[in-house]
Amino acid sequence: MDLAALDDLEREFLDSIAAADDEPTLEDVRLQVLGRKGRVPALMKQLGAMEEEARIEAASRLNALKTLLGDAINTRRTALHNAALEERLTKEALDTSLPVDFGALGEGRVHPVSQVSEEIVAIFADMGFNVEEGPEVETDYYNFTALNISASHPARDMHDTFYLSGEDDSNRRLLRTHTSPVQVRAMEAGEPPFRFIAPGRVYRRDSDQTHTPMFHQVEGLVIDKGIHMGHLKWTLESFLQAFFETEDVHLRFRPSYFPFTEPSIEVDVRCQRRGDELHIGIGDDWMEILGCGMVHPAVLENCAANAAQPWSDGEGIGDWQGFAFGMGIDRLAMLKYGIPDLRTFFDADWRWLKHYGFLPLDMPDLAGGLSS
């Protein structure tokens, strides 16, 4: 084997590698020099016929040449690949000044009730509340009796409640009038402490500009030891600050009556009305926004008596106390987004939904702002 010829072979193929202007051409060069039938493997087959000392020197030179040419091919391949990619990116560049066609995502809208429900869940989840759900067709017991609502209470009347026909009067079924039955079911299924909200649809016989036979409500419940009115006030203030996205929230508590809380309170928020606009936290006006109170001991006793697990842990039911609150999701949506008539929520008017609705990707996020 003429070792001096290896220098000529090296120069020849280095030049061929450098001259390759695309990856297929470079692959042809690689096959010529390093392929199974290439020049270098052919020379290595001659080593067996050489004397030992010459064979060692020739093998060393051939291995060095093989490594050199292999590295040169890899380097050239990378350079060609990057050049081709750069050329493709230049040719396929997008004109970002043109409007983007989102297709169905651009046309579809999320209903304000769905959006506000997600906002409420995001806020209370950040405060450590779970979300509980329950059936919309309830029994008289869960909707009224377990909540300390007497048999003579007006809420049980046919003109307020949708009862199912053909039911036994002892515990007839009905469309729930509030989501409080979810609280009862959750307390019966577990053991305190509890901290959760219960959003969902509720039904009452009422229809005008601010009432519909079916609407959406969210109720919250906290049961623990040492709970007092201060915890309730802080929870409501924190929620309203996050929901209306303002730190300037002033609440006014007025005594009221609810069978399932004692004391019972209606909460007003300071606001200012300017034409059709409503500004929360400023002005001299007040607007009722929700009802709340400390959970009535009778409700706790009803739930503890039917609980799957005992509550007492040796200290008695009286050691547990808590608060509950409830508000209309539809009403919150009207106040926050300036929707004048509740009945339009259920008209299925595409023009209305496109005006008041939200894009599917506008997900509520506390870090980025709920309505940003």
Side-chain angles (χ1 to χ4, degrees), residues 1-110 114-115 118-119 121-123 125-128 130-131 242 357-372:
M1 180 184 299
D2 185 1
L3 297 182
L6 293 181
D7 294 332
D8 297 334
L9 183 64
E10 177 182 324
R11 287 191 297 270
E12 176 187 350
F13 281 104
L14 285 178
D15 292 341
S16 298
I17 292 170
D21 54 3
D22 55 41
E23 293 188 65
T25 302
L26 181 65
E27 179 63 14
D28 290 340
V29 175
R30 186 192 71 81
L31 292 174
Q32 293 174 28
V33 64
L34 298 177
R36 188 175 59 179
K37 297 181 180 181
R39 297 280 294 280
V40 172
L43 292 173
M44 297 188 76
K45 290 179 181 179
Q46 301 176 16
L47 294 175
M50 299 176 63
E51 297 292 337
E52 180 178 0
E53 184 175 346
R55 183 171 65 249
I56 293 174
E57 182 180 0
S60 177
R61 288 288 307 276
L62 286 173
N63 284 327
L65 177 61
K66 181 178 179 181
T67 300
L68 175 66
L69 295 177
D71 291 343
I73 290 171
N74 290 334
T75 300
R76 183 58 179 167
R77 181 182 291 113
T78 300
L80 291 173
H81 175 77
N82 291 340
L85 179 61
E86 183 67 26
E87 182 181 3
R88 180 182 174 188
L89 291 174
T90 301
K91 291 180 178 179
E92 297 180 3
L94 295 176
D95 184 355
T96 56
S97 64
L98 294 175
V100 178
D101 181 9
F102 288 103
L105 285 178
E107 291 298 320
R109 291 293 185 273
V110 175
S114 299
Q115 182 77 7
E118 292 296 327
E119 293 179 15
V121 169
I123 295 170
D126 187 64
M127 297 167 64
N130 296 323
V131 178
F358 296 82
L359 290 173
L361 299 181
D362 287 343
M363 300 299 293
D365 180 83
L366 289 176
L370 290 177
S371 58
S372 60

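Numbers for residues simply follow the sequence, beginning at 1.
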- prompt: If you look at every heavy atom in Gly108 and Leu359, which pair is closest and at what distance?
  reply: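 Gly108 and Leu359 have their closest heavy atoms at O-CD2, 4.3 Å.
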query: What is the minimum heavy-atom distance between Pro41 and Gly35, and which atoms define it?
result: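 Of all heavy-atom pairs spanning Pro41 and Gly35, the closest is CG-O, 3.0 Å.
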Working to the nearest 0.5 Å, report the span between [atom1] of [X] and [atom2] of [Y].
X: Leu85; Y: Thr90; atom1: CG; atom2: OG1; result: 9.0 Å
X: Leu62; Y: Thr67; atom1: CG; atom2: OG1; result: 10.5 Å
X: Asp28; Y: Glu23; atom1: CG; atom2: CD; result: 12.5 Å
X: Glu119; Y: Phe358; atom1: CD; atom2: CZ; result: 6.0 Å
X: Met44; Y: Arg39; atom1: CE; atom2: CZ; result: 15.0 Å

task: With sequence neighbours excluded, tell me which residues meet salt bridge (Lys or Arg N to Asp or Glu O under 4.0 Å) with Lys37.
output: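 Counting only residues at least two positions away or on another chain, Lys37 forms no salt bridge (Lys or Arg N to Asp or Glu O under 4.0 Å).
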If you define the side chain from C-beta out and look only at heavy atoms, does anything of [X] sit under 4.5 Å from [Y]?
X: Arg77; Y: Asn74; answer: yes
X: Leu9; Y: Leu43; answer: yes
X: Asn82; Y: Thr78; answer: yes
X: Glu57; Y: Glu53; answer: no

Ala122 backbone acceptor or donor facing Asp126 side chain under 3.5 Å: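 Looks like no, no N/O pair under 3.5 Å.
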- request: Can you sort out the partners of Ile17 under side-chain contact (heavy atoms from CB on, under 4.5 Å), two or more places apart, ordered by chain and number?
  value: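 Leu26, Val29, Leu69, Ala72, Ile73, Arg76.
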- request: Might you work through the side-chain contact (heavy atoms from CB on, under 4.5 Å) test for Glu52 and Ile56, ending with a clear yes or no?
  value: CA-CA 6 Å; Glu52 180 178 0; Ile56 293 174; 4.1 Å; yes
